Colleague: 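I am attaching a structure below and will ask some questions about it afterwards.
On a predicted model such as this, the values are computed, not experimentally measured, just so you know. Order of the sequence lines fixes the chain letters, A, B, ..., with proteins taken first and strands second; residue numbering starts at 1 for each chain.
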There are 2 protein chains.
Amino acid sequence: MSRQAGHEPAGAGGQGDGKGRRMYRVLVVDDEPQIVKALVINLRARAYEVDAAHDGAAALRVAAARHPDVVVLDLGLPDMDGVEVIRGLRGWTRVPIIVLSARHASDEKVDALDAGADDYVTKPFGMDELLARLRAAVRRAAPSGPDDDASAVETETFTVDLAARKVHRGGADVRLTPTEWHLLEVLVRNPGRLVSQKQLLQEVWGPAYGTETNYLRVYMAQLRRKLEADPARPRHFITEPGMGYRFEA
Amino acid sequence: MSRQAGHEPAGAGGQGDGKGRRMYRVLVVDDEPQIVKALVINLRARAYEVDAAHDGAAALRVAAARHPDVVVLDLGLPDMDGVEVIRGLRGWTRVPIIVLSARHASDEKVDALDAGADDYVTKPFGMDELLARLRAAVRRAAPSGPDDDASAVETETFTVDLAARKVHRGGADVRLTPTEWHLLEVLVRNPGRLVSQKQLLQEVWGPAYGTETNYLRVYMAQLRRKLEADPARPRHFITEPGMGYRFEA
DNA sequence: GGACACCTTGACGCCGTCTTGACGCGGAAA
DNA sequence: TTTCCGCGTCAAGACGGCGTCAAGGTGTCC
């Protein structure tokens, strides 16, 4: 048995990577310039977008304006209590909040966490650890997103819902076999781009199938018959002779 | 026989009265009896349901059987590396994981967090702090659980009340076995979406049951017999051959 | 101890899907 | 113009998944 039938992308995580990873935006709130600086440098180096605020009022303002994906918040701010900042944010957003603080006291932590913080790191902190906690916070918040991101791709004649694994055409659902769906998925996840024959074969049929181009011809024909308005004159599944295929919306 | 038959204790632990606060279930994993004891006492006092496991294998087994709302995991287990336990859980569930560890080393924390842990607490820890972090984890996870969203789903022939754990059909309640209910629940919580065979098997039977598709066939048949108007021609529990099943309202 | 409900497991027939080969067409190279 | 290769199309057969049924095993409640 060369290939397995059930080639689902191991469940969950699957559909993230199709479209390039977006930049995550971090809001850093601290009144100590050297800490802000260190964080900004480290975060930018890891391809985060970073905004900074040095007091609570600015933090709330920037958060409202920029909608960060995660907030790193020092509790010792000059103008207002850190817990107040947390409450101010929680009034309207669930953005993950990672608290930084020099206080080790247990009830400080409890107060901050119960006010709505997601994590609490005491200074001095290891940059590696903070970054790992930040990744955890972002990862946790992400799953709400991917469903909406690129879940639906539309053309004039049909609609592909990647999350629900559904294809809609003219008021009815189109039934696709696993292989048909898999092929469609690879193409649709690379809209407008040429996908080589080898890549299609290997992604759908497995690494051993780099040259069986007749498979592609058969299944491309089926996709066109089910989805194209005029299968003989395809407008969305374009053949690039000798190279591969391209999906056009 | 890795799994015990009845996970959901019939009426017991389940989310009780429609709106009221349901009991949260915590899985405590640690090989030091005194720590387990302390945690169990403190958690039970705060109205959590608590399960305990003293090694990694038991942890994975109990998690699969009991579906806790949060896992407190000691990294220093006798039988396997704690990070492996995290990976084992993350293979099929997003349940929040709070790691306990005596190790303060930064890279230990980074490894655990990147493997999928949500929080990392070093021993010795303050019980207040741990409980606050636990509350934060539960609070964060709650909104994602569509428990409240669509607590009742209707079709032409039957009604599913997710909160009350009841299925109504033609003026009478339909009696479902625990496994039948669990399967129905997973499908109904993803209306219109294709749920892969592997996901169904792992969510209902546990992470080790990714390939026993005959279970699915048997239980899907039972669900259809009890709920479909014409079980031979299902309108709500749709088979997507080779891929999975889909619930349509 | 017995009755019962539930879960597991195997067997079997049907049907859809995948594979495979053959054929015609058209464009590019010779 | 001829030749050749790649592509689209079609059809037939093999294969495996799915629905169905029934028996065996296990735990629970009375």
Colleague: Distance check needed: D:dG17 C1' versus B:Met243 CE, whole Å only.
Modeller: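 That distance rounds to 14 Å.
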Colleague: I need the CD-P distance between B:Glu240 and D:dC18, as an integer number of Å.
Modeller: 11 Å
Colleague: Looking at every strand, decide which applies to A:Arg175 at a 4.0 Å heavy-atom threshold: base, sugar-phosphate, or nothing.
Modeller: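 The residue A:Arg175 makes sugar-phosphate contact but no base contact.
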Colleague: Looking at every strand, decide which applies to A:Gln222 at a 4.0 Å heavy-atom threshold: base, sugar-phosphate, or nothing.
Modeller: nothing
Colleague: What nucleotide among C:dT17, C:dT20, C:dT9 has an atom nearest to a side-chain atom of A:Pro178?
Modeller: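 That would be C:dT17.
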Colleague: Given C:dT19, C:dT8, D:dG19, identify the nucleotide with an atom nearest to the side chain of B:Tyr219.
Modeller: C:dT8
Colleague: Counting only side-chain N and O atoms of B:Arg217, is one of them less than 4.0 Å from OP1 or OP2 of D:dG17?
Modeller: no
Colleague: For A:Trp205 together with A:Tyr219, are the ring centres under 6.0 Å from each other?
Modeller: yes
Colleague: Whole angstroms only, please: what is the CD-C1' distance between A:Glu212 and D:dC7?
Modeller: 16 Å
Colleague: Specify the residue among B:Arg225 and B:Pro241 whose closest nucleotide of DNA chain D lies further upstream toward the 5′ end.
Modeller: B:Pro241
Colleague: If you assign A:Tyr215 and B:Asn214 each to the DNA chain C nucleotide with the nearest heavy atom, which residue ends up on the more 5' nucleotide?
Modeller: B:Asn214
Colleague: Can you check whether B:Thr177 has a side-chain N or O nearer than 4.0 Å to OP1 or OP2 of C:dC7?
Modeller: yes
Colleague: Mind calculating the distance between CZ (B:Arg224) and P (D:dC18) to the nearest angstrom?
Modeller: 10 Å
Colleague: Around atom CD of B:Glu154, are there more than 12 heavy atoms from other residues, nucleotides or ligands closer than 6.0 Å?
Modeller: no
Colleague: Specify whether A:Phe247 and A:Phe158 have parallel, tilted or perpendicular ring planes, treating 30° as the upper limit for parallel and 60° as the lower limit for perpendicular.
Modeller: tilted
Colleague: Report the distance from atom CZ of B:Phe237 to atom C1' of D:dG19, rounded to the nearest whole Å.
Modeller: 16 Å
Colleague: In whole Å, what is the span from the CD atom of A:Glu228 to the P atom of D:dG8?
Modeller: 12 Å
Colleague: Ignoring the backbone of B:Val218, work out which of C:dT20, D:dG19, C:dT9 is nearest its side chain.
Modeller: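 Looking only at heavy atoms from C-beta outward on B:Val218, the closest nucleotide is C:dT9.
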Colleague: Could you tell me whether B:Thr239 contacts a base, only the sugar-phosphate backbone, or nothing, with contacts defined as non-hydrogen atoms closer than 4.0 Å?
Modeller: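 The answer is sugar-phosphate, as B:Thr239 gets under 4.0 Å only of primed atoms, P, OP1 or OP2.
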Colleague: With a 4.0 Å cutoff (strictly under), does any side-chain N or O of A:Trp205 reach OP1 or OP2 of C:dC18?
Modeller: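 Checking A:Trp205 against C:dC18: no side-chain N or O falls below 4.0 Å of OP1 or OP2.
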Colleague: Calculate the interatomic distance between B:Leu223 atom CG and C:dC6 atom C1'; express it in whole Å.
Modeller: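 After rounding, the reported distance stands at 14 Å.
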Colleague: Please confirm whether the shortest side-chain N or O distance from B:Tyr245 to OP1 or OP2 of D:dG19 is below 4.0 Å.
Modeller: yes
Colleague: Around atom CZ of B:Arg103, are there more than 12 heavy atoms from other residues, nucleotides or ligands closer than 6.0 Å?
Modeller: no
Colleague: Do B:Arg25 and B:Asp69 sit within salt-bridge range, that is, some charged N less than 4.0 Å from a carboxylate O?
Modeller: no
Colleague: Rounding to a whole Å, what distance do you find between A:Met220:CE and D:dC10:P?
Modeller: 17 Å
